[in-house]
Amino acid sequence: MSFVSSPELDSIRPVLADAVDLARQALLDLGEGGVGEYLGVTVEDASAATHRFASDLEGYRGWQWAVVVAAPDDADHATVSELVLLPGPDALVAPSWVPWDERIRPGDLGPGDLLSPRQDDPRLVPGYVSSGDPAIDEVAGEIGLGRTQVTSLEGRLDAAQRWHDGDFGPDTEMAKAAPSTCGLCGFYLPIAGSLSAAFGVCGNEFAADGHVVHAEYGCGAHSDTELPTGAGSPQFEPYDDAALDVTQTPVDPIEPAVAAETADSGEAAAATETTDSVEATGEAEAAPAASTTAEVVAAGEAEPDAEAEPAADDASTATDLAAQEEDSVSPS
C-alpha cells in the first residue's frame, strides 16, 4: 500500500522524493534483513520526508521499515536521518497501556490484597470539610472529631447511580414482577444518611439478603405476600406417565420396479398353490377308492369263516347224538 497522495507528491521536494535508493541502501547496510517492497513516501516538513518499505522479518507481519531523509533548502542531495521499524495498519501489536488503577474491576480484590484509593480521589473529601451529608456534618460539628476522610457528594451520587442500575434496582425484571416494593416490606432495613430515602439493606435470607436494595425494588418474598386461595392443591387430574401411546409407523411407498417384482412373485406363488391343490385333490380321491377295495377284500375273506362255523356246529351235534345212542343200548 502507498502512503502518498497526489497533493503530497506535489509538496515534496524532488530531492527528498527521489531518495528511494538511498533509503533502501541504508536499510541493507543496517544488516537486519527483511526489507520488502517499497510502499511510498510521506512528507514530514519542507526539509524531511519518510520512505517506507514492507518488512519481511519473521514474526513482524504487517510491520514497516521507515527511513527519514533530510535535505536543507539549498541541498542538491538528501541524507539519512533515522531508520526505524514501525507497526503498519495490519500489524499485530500489544494493546495500549492502561494504568493499574484503571485496570482494577469490581471483584478483583481478594483476601490479603491491599488497594489504596487514587491520589486526590474525587470520591473522598477530608473529614473536617463539610461533606453535604447532614448526619455526618452535625455529628462532626458537635464533638469536634470525625473520620480523616468521608464520602464526597460526587462519591455518594456515583454509588447511588451504581446501585440504582445494578441487580437490585427498580428497573430489573424481578422488581417489575414483584407484588410490592422493598420500601413497604418488613424485611427492609433503611440505611442512615442522605441515601436513606432511596436505599436500604434486605434482611430476608430467602431474598436479597445483605445486599443494598433500592426502595422501589421488590421480589416475591415480600413480607405482605399471601398465597392465593387453594394454593398447594392440584388443579388438574394427575397425568399417568405409565400409559403407552401407540403410534402407527408410516409405510414407505413402493416403487414401481419393486411393485412389479412383487406382482410377479404373487402370480408365481398363486400358480404353485394351484398345482399343489390339484395334486392334493387327486390324492384325496385315490385314497377313498383304495379304502373301498380293502373293505371288499376283507369282506371276501371273512365269508368262508362264517360258513365254516356252522359246519363245525353240525359236527358237534352229530357226535353228541351218537354218544346218547350208545348210552341207551349198553346194559346198565
| message | Taking CG in Leu92 as the centre, count heavy atoms belonging to other residues, nucleotides or ligands within less than 6.0 Å. Is the count above 12? | response | no

| message | Under a 3.5 Å distance rule, please check whether Ser152 uses its side chain to pair with a backbone N or O of Pro122 as donor and acceptor. | response | yes

| message | Under a 3.5 Å cutoff, is there a donor and acceptor pairing between the side chains of Glu44 and Thr50? | response | yes

| Chi angles and distances behind the side chain to side chain contact (heavy atoms under 4.5 Å, CB included) call for Asn204, Asp209 | CA-CA 5 Å; Asn204 188 342; Asp209 189 33; 5.9 Å; no

| task | For the pair Tyr38 and His51, name the ring-plane relationship: parallel under 30°, tilted 30 to 60°, perpendicular over 60°. | result | tilted

| With a 3.5 Å cut-off and no angle check, do the side chains of Asp29 and Gln25 form a donor-acceptor pair? | yes

| query | Quick one: does Arg52's side chain get under 4.5 Å of Val67's, heavy atoms only? | reply | no

| message | If hydrophobic clusters are built from ILVMFWY residues whose side chains come within less than 4.5 Å, do Val68 and Val20 share one? | response | no

| Does any non-hydrogen side-chain atom of Phe53 lie less than 4.5 Å from one of Leu39? | no

| Please walk me through it: do Val201 and Ile191 pass side chain to side chain contact (heavy atoms under 4.5 Å, CB included)? | CA-CA 7 Å; Val201 178; Ile191 62 177; 3.9 Å; yes

| message | How long is the straight-line distance from OH of Tyr188 back to NE2 of His222, given to the nearest 0.5 Å? | response | 11.0 Å

| For the student: nearest non-hydrogen atoms of Ala178 and Gly218, plus distance | CB-C, 3.3 Å

| query | How long is the span from the CD atom in Glu173 to the NZ atom in Lys176, to the nearest 0.5 Å? | reply | 5.0 Å

| said: Among residues at least two apart in sequence or on other chains, which ones pass salt bridge (charged side-chain N to carboxylate O under 4.0 Å, His left out) with Arg162? | reply: none

| Near Arg156 CZ, under 6.0 Å, is it more than 12 heavy atoms from other residues, nucleotides or ligands? | yes

| request: Hey, could you give me the CZ/CG distance between Arg123 and Leu153, rounded to the nearest 0.5 Å? | output: 14.5 Å

| query | Just wondering, do Ile12 and Val41 contact through their side chains at under 4.5 Å, heavy atoms? | reply | yes

| message | With a 4.5 Å cut-off on side-chain heavy atoms, are Glu216 and Cys182 touching? | response | no

| said: Treating Tyr60 as the side-chain partner and Leu85 as the backbone partner, does any N or O pair qualify as donor plus acceptor under 3.5 Å? | reply: no

| Test log, rule side chain to side chain contact (heavy atoms under 4.5 Å, CB included), inputs Asp76 and Val15 | CA-CA 7 Å; Asp76 58 355; Val15 66; 5.8 Å; no

| query | Is the cationic atom of Arg24 (NZ for Lys, CZ for Arg) positioned less than 6.0 Å from the six-membered ring centroid of Trp65 and within 45 degrees of its normal? | reply | no

| Rounded to the nearest 0.5 Å, what separation is found between the CD atom of Gln64 and the OG atom of Ser55? | 9.0 Å

| field | Atom of Ala78, atom of Ala19 and distance for their closest heavy-atom approach | value | CB-CB, 4.2 Å

| In terms of hydrophobic clusters joined by side-chain contacts under 4.5 Å, are Leu57 and Trp63 together? | yes

| task | Test Arg103 against Trp97 for side chain to side chain contact (heavy atoms under 4.5 Å, CB included), laying out the working first. | result | CA-CA 10 Å; Arg103 295 197 301 268; Trp97 168 254; 3.4 Å; yes

| With a 4.5 Å heavy-atom cut-off, do Asp224 and Pro179 have their side chains touching? | no

| query | In Å and rounded to the nearest 0.5 Å, what is the NE2 to CG distance from His77 to Leu16? | reply | 11.5 Å

| query | If you take all heavy atoms of Gly36 and Asp56, which pair is closest and at what distance? | reply | CA-OD2, 3.4 Å

| query | Do Leu28 and Leu22 share a hydrophobic cluster (ILVMFWY, side-chain heavy atoms under 4.5 Å, transitive)? | reply | yes

| Thr181 and Tyr217, any side-chain heavy atoms less than 4.5 Å apart | no

| Greater than 12 external heavy atoms within 6.0 Å of Glu58's CD | no

| request: Could you tell me whether the side chain of Ser81 and the main chain of Val69 form a donor-acceptor pair under 3.5 Å? | output: no

| query | Are the side chains of Leu83 and Leu27 in touch, meaning some heavy atoms are under 4.5 Å apart? | reply | yes

| said: Could you tell me if the side chain of His214 sits less than 4.5 Å from the side chain of Pro170, heavy atoms only? | reply: yes

| query | Counting only heavy atoms not in Asp167, do more than 12 sit closer than 6.0 Å to its CG atom? | reply | no

| Do the rings of Phe168 and His211 sit parallel, tilted or perpendicular, given the 30° and 60° boundaries? | tilted

